Amino acid sequence: MASRAGLFLLPFAFHSPPSLHLGRRSSSHLLMEKAAAAAAATRQITHVIFDMDGLLIDSEPFYTLVQEKVLERFNKTFDWSLKAKLMGKKAIESARIFVEECGLTGILTPEEFLEEREGLLQELFPSCQLLPGVERLISHLHVNQIPMCVATGSYKQTFDLKTQRHGEIFSMMHHIVMGDDPDVKHGKPSPDIFQVAANRFEMNVDPAEILVFEDAPAGVAAAKSAGMWVVMVPDERLDASHHKEADQILTSLLDFSPSLWGLPPFTDAA
Ligand SMILES: O=P(O)(O)OC[C@H](O)CO
Ligand SMILES: [Mg+2]
C-alpha cells in the first residue's frame, strides 16, 4: 500500500528495462531499495507525457456522478470496482463495459448510454479544475524546457469543454493526442496513444526516457506496454491492487520530486 507520506517507489534498478518489476518488498526493504534505486538512477528522463482526466483535471468525479444518475433509473448502484475498469478508456469502449457489467445489455445500448452521459456532462465539464500540483509542475517543466505533451482518451469535443478555463497550462504542451485521433487505433490499455504521443515530439525519443503521469490502471498498463516509466497518482478510493504496474505511486503531484527522475529540481520551497 503506498505510504501516506505519498512516495512509494517500486523496487527496480533504474538501468533495467522499465517493464521489469521485482514485485513488492516489505517497507524496510523498500526504503533501502528506494535509496539504492535513487542513487543508482542512471536513467535520465528527457520527455514527459501527461494523462488528463483524473490526473491534470478533476473530471473523474463528474463521470462518477453522471454514471450513478444513469444507474439510479435502473435501481442499480455504481462502485469503484466498476469505475476502475472504465477510467482512461475511450468513451465507446468504457460505455460497452458499463452496459455489460451493469447487466443493461438489451435494455440500454452503449451508444444510448454515451448520448445520455455526454448530455449530462456538457453542463459539468466547463467547471473542471486543475488538480493540486499541476500548475506548479507544468510551469516548472516549461521553464526548464522539458518537452511535454498530453495523451488523453477524451475526444476533442469534450477536451475543449473540460479545458476551456485552462488554456495557459495546455498551451505549454508541445502537442495533445486525443481519443478520437485517427492515428490512435486502440484506446488505453493499448500502448497506441503513448506511442503516437512519443512520435510527435520534435526528435526521436527512446520510450525509456519518457515519464508518463497517469491516474488509471488502463493508462498505467498502456504506458508500461509502450516501454515508458510511469508515475501513478490514483484516487485514494481505487483499490491498491491496481497500483502494481506503476513505477512510483504518489497521493498528489505536490509530492513529485523531479530530481528523482533526473529532471531539474524545484527551486521554490513549496
Ligand atoms: O485518458 P484520460 O484519463 O484523460 O481519460 C479519458 C476519459 O476516460 C475519456 O472518456
Ligand atoms: Mg486519467
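Keep in mind that this is a model prediction, so the values were computed, not measured. Ligands are counted one by one from 1 in listed order, and the atoms in each one are counted from 1 as well.
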**Study point:** Derivation of the side chain to side chain donor-acceptor pair (under 3.5 Å) call for Q67 and E116
**Key:** CA-CA 10 Å; Q67 283 158 173; E116 184 174 352; over 6 Å; no
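Under 4.0 angstrom from ligand 1, the non-hydrogen atoms of K188 all belong to its side chain. Residue-level proximity to ligand 1 for Y155 is absent, since no heavy atom of it falls below 4.0 angstrom.
Backbone or side-chain N, O or S atoms of D53 reach the Mg ion (ligand 2) at under 2.8 Å. Residue E60 does not count as close to the Mg ion (ligand 2), with no N, O or S atom under 2.8 Å.
The aromatic rings of H140 and F266 lie tilted to each other, with the angle between the two planes from 30° to 60°. Between F98 and F113, the two ring planes are parallel [angle under 30°; tilted spans 30° to 60°].
Below 4.0 Å from some heavy atom of T152 lie the following atoms of ligand 1, by number and element: 1 (O), 2 (P), 4 (O). Atom numbering of ligand 1 starts at 1 in the shown order; those under 4.0 Å from a heavy atom of M52 are 4 (O). The distance from ligand 1 to the heavy atoms of S154 drops below 4.0 Å at these ligand atoms: 6 (C), 9 (C).
One finds an angle of 80° at the Mg ion (ligand 2) between OD1 on D215 and OD2 on D51, to the nearest 10 degrees.
Residue contacts with ligand 1: G219 is excluded, as none of its non-hydrogen atoms falls under 4.0 Å.
A side-chain N or O of W261 and one of Q248 form a donor-acceptor pair less than 3.5 Å apart. There is a side-chain donor-acceptor pair under 3.5 Å between H174 and E202.
Annotation: side chain of P258 is not in contact with side chain of P265 (no heavy-atom distance under 4.5 Å).
For atom 2 (P) of ligand 1, the nearest protein heavy atom (residue, atom name, distance) is D51 OD1, 2.8 Å.
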